[in-house]
Amino acid sequence: MTIDDVPLKSTGTSAERTYLATNSTTRDRERSVIETMDDSSPLGRELAREAKRREKLAGKALPRPKSTRIMTVSNQKGGVGKTTTTVNIAAALAGAGLQVLVIDIDPQGNASTALNIDHHAEIASIYDVLIDDVPLSEVVAPCPDVANLICAPATIHLAGAEIELVSLVAREQRLRRAIEAYARTRETRGEPRLDFVLIDCPPSLGLLTVNAFVAAKEVLIPIQSEYYALEGLSQLLKNIEMIQKHLNAELIVSTILLTMYDGRTNLAAQVAAEVREHFPDQVLKAVIPRSVRISEAPSYQQTVMTYDPSSSGALSYQEAAVEITSRS
Ligand SMILES: Nc1ncnc2c1ncn2[C@@H]1O[C@H](COP(=O)(O)OP(=O)(O)OP(=O)(O)O)[C@@H](O)[C@H]1O
Ligand SMILES: [Mg+2]
């Protein structure tokens, strides 16, 4: 199913669907600007295309998954957009009313920063969950800028966790058990069931990433639309196969997202074509453009969804979120 096939009106009951947050003032302003623009100019055409995409998303219903979807956002290549994808997809889903938990298991703590969650050394964090069996319910914190979005932060202590985990019992299962226990706690407390859990992984294939693979049912792989994009991907897929064989038979690579796409270069188009050829069922139709607004947002402790909701980057992440929910 592609974004074009997603029905504008959900057929579910109101309890089963929520609606994408859309900015009608922006849309009205944009419409009036576009009406006065000459659409034979490249900028006019681009704006018209964006306005059409925004119209398509306006008030779009997002279905609640039948059960909690646990996705790990992984790629051992550094700087490909894992964290940016995790926090922005999470914000897009939560902005539409879905209940979302982000788990930051990267010692860099970038997802915690982008979601404006305290993660200095004294804060109880995912380190305490993994190493000292502290319940997730005691470390999650609400994202101050996005309703329905909570985050288990990472602190600097997590840097030592790879080594500390080695000698612990059930070292690969610790995150999975913590998430299961947290789901039970929410139920007991009468809190709503989580719709999505997104795990932001470090750029390595160590025990932290293995914990994420064991906890998740799905892998979301962001791929940077650049020359070395596919390098290392076979290693990642081999590792996932090993996990499927020995630790988590349910795990699938459900989603691949092309990030930092520069539409002006032939290279980006070639990379995209190659990735789509290899993974026709996994690659989302939505692609994330290279965008200054996306890269600026974290320095204001924000996602682009709140920093500049009318930007093309925010629009693209919303489209990706719609596609992800339509594939459950
Ligand atoms: N679409 C984009 N346009 C422009 N800059 C981007 C985009 N996506 C991510 N960036 C920037 O690229 C850098 C790397 O992105 P990000 O931190 O999301 O990657 P990562 O895979 O999580 O990195 P790491 O492997 O270090 O965890 C960041 O500075 C981020 O702001
Ligand atoms: Mg990261």
Side-chain angles (χ1 to χ4, degrees), residues 50 53 71-92 102-117 119 125-126 151-156 158-159 161-162 198-206 208-209 211-213 219-233 235-236 239 255-265 267-269 271-272 275 283-284 286-321:
E50 270 192 22
R53 287 165 59 200
M71 304 181 90
T72 179
V73 182
S74 308
N75 190 334
Q76 83 277 22
K77 222 166 139 51
V80 297
K82 292 181 287 295
T83 302
T84 308
T85 295
T86 305
V87 299
N88 285 297
I89 295 283
V102 166
I103 299 181
D104 188 354
I105 57 154
D106 183 350
Q108 299 177 99
N110 295 338
S112 314
T113 303
L115 296 176
N116 199 2
I117 308 287
H119 61 108
S125 73
I126 199 70
C151 173
T155 62
I156 189 67
L158 200 57
E162 291 276 9
L198 298 178
I199 308 170
D200 184 30
C201 285
S204 65
L205 295 170
L208 288 170
T209 300
N211 262 274
F213 283 152
V219 187
L220 188 173
I221 306 177
I223 293 186
Q224 191 177 350
S225 317
E226 295 205 337
Y227 185 62
Y228 294 113
L230 295 175
E231 208 176 65
L233 199 59
Q235 184 60 44
L236 176 62
N239 277 45
T255 313
I256 293 177
L257 178 62
L258 292 159
T259 63
M260 300 186 219
Y261 188 88
D262 185 344
R264 296 164 305 179
T265 67
L267 180 62
V271 170
V275 175
V283 184
L284 296 184
V287 296
I288 308 303
R290 185 171 277 288
S291 135
V292 173
R293 308 303 271 165
I294 290 178
S295 62
E296 279 173 351
S299 45
Y300 297 90
Q301 286 84 50
Q302 300 230 3
T303 66
V304 78
M305 309 304 303
T306 51
Y307 176 62
D308 190 351
S310 59
S311 64
S312 70
L315 178 61
S316 299
Y317 270 116
Q318 276 194 326
E319 289 174 337

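In this chain, residues are counted from 1 in sequence order. Both counts, for ligands and for their atoms, begin at 1 and track the order of listing.
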Answer yes or no: is there a donor N or O on one side and an acceptor on the other, between the side chain of [X] and the main chain of [Y], under 3.5 Å?
| X | Y | result |
| --- | --- | --- |
| D262 | R290 | no |
| T303 | M305 | yes |
| K77 | L230 | no |
| T113 | Q301 | no |
| N88 | Y317 | no |
| Q76 | L205 | no |
| T259 | I288 | no |

Please report whether ligand 1 has a polar contact with [X], defined as an N or O pair separated by less than 3.5 Å (distance criterion only).
| X | result |
| --- | --- |
| R290 | no |
| G78 | no |
| S291 | yes |
| P203 | no |
| G81 | yes |
| K82 | yes |
| V292 | no |
| Q108 | yes |

With the threshold set strictly below 4.0 angstrom, can you tell me whether any protein non-hydrogen atom sits that near [atom]?
| atom | result |
| --- | --- |
| atom 8 (N) of ligand 1 | yes |
| atom 28 (C) of ligand 1 | no |
| atom 4 (C) of ligand 1 | yes |

Tell me, which protein residue and heavy-atom name are nearest [atom], and how many Å apart are they?
| atom | value |
| --- | --- |
| atom 30 (C) of ligand 1 | T84 OG1, 3.9 Å |
| atom 10 (N) of ligand 1 | M260 CE, 4.0 Å |
| atom 17 (O) of ligand 1 | T83 CB, 4.0 Å |
| atom 11 (C) of ligand 1 | S295 CB, 4.3 Å |

So which bit of N75 gets within less than 4.0 Å of ligand 1, heavy atoms only: side chain, backbone, both or neither?
neither

Does V80 approach ligand 1 within less than 4.0 angstrom via side chain, backbone, both or neither, non-hydrogen atoms only?
both

Rounded to the nearest 0.5 Å, what separation is found between the CG atom of D106 and the OG atom of S204?
8.0 Å

Rounded to the nearest 0.5 Å, how far apart are CD1 of I294 and CE of M260?
9.0 Å

At a 4.0 Å threshold, what atoms of ligand 1 neighbour a non-hydrogen atom of D106?
27 (O)

Out of all atoms in ligand 1, which are within 4.0 Å of some heavy atom of I288? Include the element for each.
1 (N)

With a 4.5 Å cut-off on side-chain heavy atoms, are V275 and L233 touching?
no

Do N211 and T209 have side-chain N/O donor and acceptor atoms under 3.5 Å apart?
no

Would you check if there is a donor-acceptor pair between the side chains of S312 and R293 at a distance under 3.5 Å?
no

Which option wins on minimum heavy-atom distance to atom 24 (P) of ligand 1: G79, P222, S225?
G79

Please compare A297, P289, G313 and report which has the shortest non-hydrogen distance to atom 1 (N) of ligand 1.
P289

Grab the two heavy atoms, one from M71 and one from T255, that are nearest each other, plus how far apart they are.
CE-OG1, 3.5 Å

For the student: nearest non-hydrogen atoms of Y261 and A272, plus distance:
CE1-CB, 3.9 Å

With a cut-off of 2.8 Å, does T83 place any N/O/S atom under that distance from the Mg ion (ligand 2)?
yes

Quick check on T259 - does any of its heavy atoms sit under 4.0 Å from an atom of ligand 1?
no

